[in-house]
Amino acid sequence: FGPEAVWQPPKNAFEGQSTFQRDFQGYNEAPRQPIRPNDGAVMSDTPFDGTTGYRQEYVKHPMGPKFVKEREKYKPNGVPIDGLTTFRRDYRGQLGDKTKSFKPEGRAVASDAPFEDSTTFKNDYRKWAAERPYQHLPDMYSKP
């Protein structure tokens, strides 16, 4: 693969500027003061009596009576209902005969012949007479 590179770290300190130091320069500024007001401004010596600016400045205007529309009296129709709807008047029904079903009739096949219970499985997979295969037994060990 080639000669082994022997790298040794430099002995003297780094004199340049790192990328972090170059990109994020520190600014010598005094720390900012918090925006939150001091707690002393919030506290008060007077007890809270429940009066707010809204309660003091809100003017309650008097309201007049609610307008109620007068209902019309029910007037029944003078002509009696004939019961004829637009569907009954306009629909004439479908023309032609009803479509016949293609499904077979739901009757079982009737036959007087006795039921044959022989199947291909019964015919092809019968119990055949078979003998066990010959197995050669090794000679028993005898002492020399």
Side-chain angles (χ1 to χ4, degrees), residues 1-110 115-144:
F1 291 91
E4 221 177 284
V6 181
W7 180 82
Q8 293 182 354
K11 305 282 186 227
N12 51 355
F14 181 66
E15 296 174 0
Q17 197 178 28
S18 68
T19 55
F20 179 81
Q21 290 172 341
R22 185 187 67 219
D23 295 343
F24 301 100
Q25 295 180 4
Y27 299 103
N28 296 329
E29 289 186 4
R32 294 186 180 191
Q33 296 297 322
I35 298 173
R36 188 185 321 176
N38 295 336
D39 289 339
V42 176
M43 302 301 269
S44 175
D45 298 335
T46 59
F48 181 68
D49 58 352
T51 58
T52 61
Y54 176 79
R55 287 186 180 173
Q56 290 176 351
E57 296 171 11
Y58 178 72
V59 178
K60 192 168 187 176
H61 298 285
M63 290 183 66
K66 186 178 176 182
F67 174 74
V68 179
K69 185 178 176 182
E70 189 177 323
R71 286 185 154 200
E72 292 182 22
K73 255 189 163 174
Y74 173 71
K75 293 184 286 185
N77 195 351
V79 181
I81 297 175
D82 60 352
L84 184 66
T85 62
T86 54
F87 180 78
R88 285 185 183 170
R89 185 186 68 210
D90 298 339
Y91 182 67
R92 285 180 268 149
Q94 292 183 352
L95 303 174
D97 297 334
K98 248 188 175 179
T99 309
K100 293 180 182 174
S101 176
F102 282 97
K103 291 193 296 185
E105 295 178 12
R107 285 186 270 130
V109 178
F115 180 70
E116 273 189 50
D117 64 342
S118 62
T119 62
T120 53
F121 182 81
K122 274 190 176 179
N123 292 341
D124 295 346
Y125 299 99
R126 287 180 282 184
K127 225 180 194 180
W128 300 96
E131 298 176 5
R132 289 195 170 265
Y134 174 74
Q135 186 179 7
H136 175 73
L137 296 174
D139 296 334
M140 293 300 290
Y141 177 75
S142 59
K143 288 185 181 179

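- Within 6.0 Å of atom CG in Asp49, more than 12 heavy atoms from other residues, nucleotides or ligands are found, so the atom counts as buried in its surroundings.
- Between the CG atom in Asp90 and the CZ atom in Arg88 there is a gap of 13.0 Å [rounded to 0.5 Å].
- Taking CD of Glu116 as the start and NZ of Lys122 as the end, the distance is 11.5 Å to the nearest 0.5 Å.
- Pairing each heavy atom of Tyr141 with each of Pro144, the nearest pair is OH-CD, 4.0 Å.
- Within 6.0 Å of the CD atom in Gln17, the count of heavy atoms belonging to other residues, nucleotides or ligands exceeds 12.
- Ring pair Tyr54/Tyr58 is parallel by interplanar angle, where below 30° counts as parallel and above 60° as perpendicular.
- The aromatic rings of Phe20 and Phe24 sit tilted relative to each other, their planes meeting at an angle between 30° and 60°.
- More than 12 heavy atoms of other residues, nucleotides or ligands sit less than 6.0 Å from atom CG of Asp82.
- Residues in residues 64-78 take part in no side chain to side chain donor-acceptor pair (under 3.5 Å) pair, two or more places apart or across chains.
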